[in-house]
Amino acid sequence: MNILLLGSGGREHALAWKLAASPLVDRLYCAPGNAGIARECELVTLDLADHAAVAAFCKAHSIDFIVVGPEAPLCAGIVDDLTAAGIKAFGPSGAAARLEGSKGFTKDLCRANAIPTAAYERFIAADPAKAYVRARGAPIVVKADGLAAGKGVVVAASIAEAESAIDMMFAGGLGEAGAEVVVEEFLAGEEASFFALCDGETAIPLASAQDHKRVFDGDRGPNTGGMGAYSPAPVMTAEMSRRAMDEIVLPTVRAMKAMGAPYKGVLYAGLMITDAGPKLIEYNVRFGDPECQVLMLRLMSDLLPALLASSDGMLKNFDLRWYPDAALTVVMAAKGYPGNYAKGSPIEGLEAAAEIEGVEIFHAGTKAETGRVVANGGRVLNVSALGKTVAQAQARAYQAVDRIRWAGGFCRRDIGFRAVERERAAG
Ligand code: AMP
């Protein structure tokens with residue numbers, strides 16, 4: 001089969017790496033890709049917002065299947081447009097992608113189907129939102145309804161903080177995404193990311209992961225797109241995964257089908273594991289980045305048949321095999337990220353780093369320039385490793401990090417610390 005992968009981050013490098021290993025693949029293309037993805041396949045220049053151009057490329061290059069990495073084209077309905085053009089694609093329709101594109105839509109779906117989530121209300125004006133905040137008290141959470149590139153959530157410790165978040169959103173601080181706002185109950189517990197593959201009718205669990213969103217060690221500093229992750233998440237025991245499927249994922253798949261918007265693709269459930277069990281914080285309609293990187297390292301089975309079965313509605317009785325090992329990824333970012341940062345600094349030592357046992361280096365934001373690799377984004381590399389334990393995966397990943405010579409970069413030194421502490425405590 002000829003495959004076209006869309007996207008340019010570490011998630012797409014991990015997907016390209018896994019797809020390139022499939023015996024079913026003849027030609028693999030990626031648009032727009034990066035310097036690491038270029039080692040797995042052929043890069044193509046395409047504007048992902050121009051669905052007609054993507055379809056035209058597919059026709060011209062006999063593409064059999066498109067795998068869409070990021071959420072923006074999914075929410076913009078690229079799968080609908082490709083399907084209409086007769087091209088098979090992996091991922092949800094625009095209507096089904098509202099699970100990520102509108103937090104209010106997802107909250108209403110939870111309420112209507114008794115899916116456990118934080119208590120909430122939706123607002124289109126500041127005054128009633130503030131009145132609700134005052135009535136509920138702090139801590140409380142304020143969320144922009146639409147896609148806000150990870151900046152749309154304010155966990156407010158005080159009523160004043162919640163009120164200023166409401167003002168910021170309604171004043172257009174997040175553009176269209178903040179035209180509607182969800183205010184919801186603060187949930188206490190441990191967070192986990194849970195992934196399921198859906199085919200419109202049914203779903204199969206993938207694996208769990210935990211990520212580190214804060215930029216500095218000890219989970220301090222501003223939020224980022226993710227500074228590292230590991231899989232599995234110790235809090236997602238077999239029992240908790242079963243409950244996440246039965247109480248959250250499967251009722252969602254049934255509800256989406258019933259409303260005529262069947263959900264196909266990866267459903268990424270951001271969960272809070274509370275004393276009462278798993279509660280949904282949010283859905284994403286694609287693999288997480290950097291969680292995808294650790295999932296792909298642990299996946300033993302061929303990825304492509306699973307993605308095809310999702311698209312074809314054939315997941316019933318489908319089975320995937322996973323390595324029991326732990327996987328961990330450390331994000332190396334450009335100095336200054338998540339604020340302003342420079343592009344173009346050279347990166348060396350990648351080959352030596354990749355020689356360490358169990359290590360795989362995915363590129364998140366790089367570019368090839370006159371025979372060398374240079375930084376080309378905020379998050380730049382995902383130094384990833386498998387190990388028998390999280391501690392071993394962590395040690396291997398940092399051994400590889402220490403072989404990379406990149407004056408313009410930095411990383412956290414404590415990715416996985418909670419899981420490593422747990423392992424230590426368990427002896
Ligand atoms: P989201 O973009 O919805 O995943 O939210 C970003 C982060 O905000 C989450 O990963 C949580 O750490 C936090 N968060 C969101 N909603 C809640 C909530 N209801 N209670 C506590 N923390 C939350």
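Just so you know, residue 1 is the first one in the sequence shown, and it goes up from there. Any value given below was found using the heavy atoms of this structure, including those in side chains, with hydrogens, waters and symmetry copies removed. Note that ligands are numbered from 1 as they come in the structure, with each ligand's atoms numbered from 1 the same way.
Distances below 4.0 Å separate heavy atoms of Val141 from the following atoms of ligand 1: 16 (N), 17 (C), 18 (C), 19 (N), 20 (N). Less than 4.0 angstrom separates some heavy atom of Phe186 from each of these atoms of ligand 1: 20 (N), 21 (C). Taking every non-hydrogen atom of Ile281 and a distance limit under 4.0 Å, the qualifying atoms of ligand 1 come out as 3 (O), 15 (C), 16 (N). Atoms of ligand 1 found under 4.0 Å from any heavy atom of Glu282 (numbered from 1 in listed order, with element): 1 (P), 2 (O), 3 (O), 4 (O). Within ligand 1, counting atoms from 1 as listed, the ones closer than 4.0 Å to a heavy atom of Lys143 are 3 (O), 15 (C), 16 (N). Close approach to Met272 involves these atoms of ligand 1, each under 4.0 Å from a residue heavy atom: 21 (C), 22 (N). Distances below 4.0 Å separate heavy atoms of Glu184 from the following atoms of ligand 1: 16 (N), 17 (C), 18 (C), 19 (N).
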Stepwise, does the salt bridge (charged side-chain N to carboxylate O under 4.0 Å, His left out) test hold for Glu71 with Arg286? CA-CA 6 Å; Glu71 64 276 18; Arg286 32 76 194 179; 3.2 Å; yes

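Of the protein's heavy atoms, Glu191 OE1, 3.5 Å lies nearest to atom 9 (C) of ligand 1.
Test Lys103, Lys143, Arg111 against Glu184 for salt bridge (Lys or Arg N to Asp or Glu O under 4.0 Å) and you get one pass: Lys143. Partner of Gln210 under the side-chain hydrogen bond (donor to acceptor under 3.5 Å, both in side chains) criterion, chosen from Glu291, Glu191, Glu190: Glu190. Put simply, the residue from Thr83, Leu4, Ile3 that forms a side-chain contact (heavy atoms from CB on, under 4.5 Å) with Ile66 is Leu4.
Among Val153, Ile140, Val142, the residue whose heavy atom lies nearest to atom 2 (O) of ligand 1 is Val153.
The distance between the ring centers of Phe410 and Tyr337 does not fall below 6.0 angstrom.
Using a 4.0 Å cut-off between heavy atoms, Val155 contacts ligand 1 through its side chain alone, with no backbone atom that close.
Looking only at atom types and distance, the side chain of Ser301 has no donor-acceptor partner in the side chain of Arg321 under 3.5 Å away. In the model, Tyr283 has a side-chain atom that pairs as donor or acceptor with a side-chain atom of Thr252 under 3.5 Å.
Note on Lys257 versus Glu201: salt bridge recorded, some NZ/NE/NH1/NH2 to OD/OE distance being below 4.0 Å.
Considering backbone and side-chain atoms alike, Leu187 places an N or O below 3.5 Å from some N or O of ligand 1.
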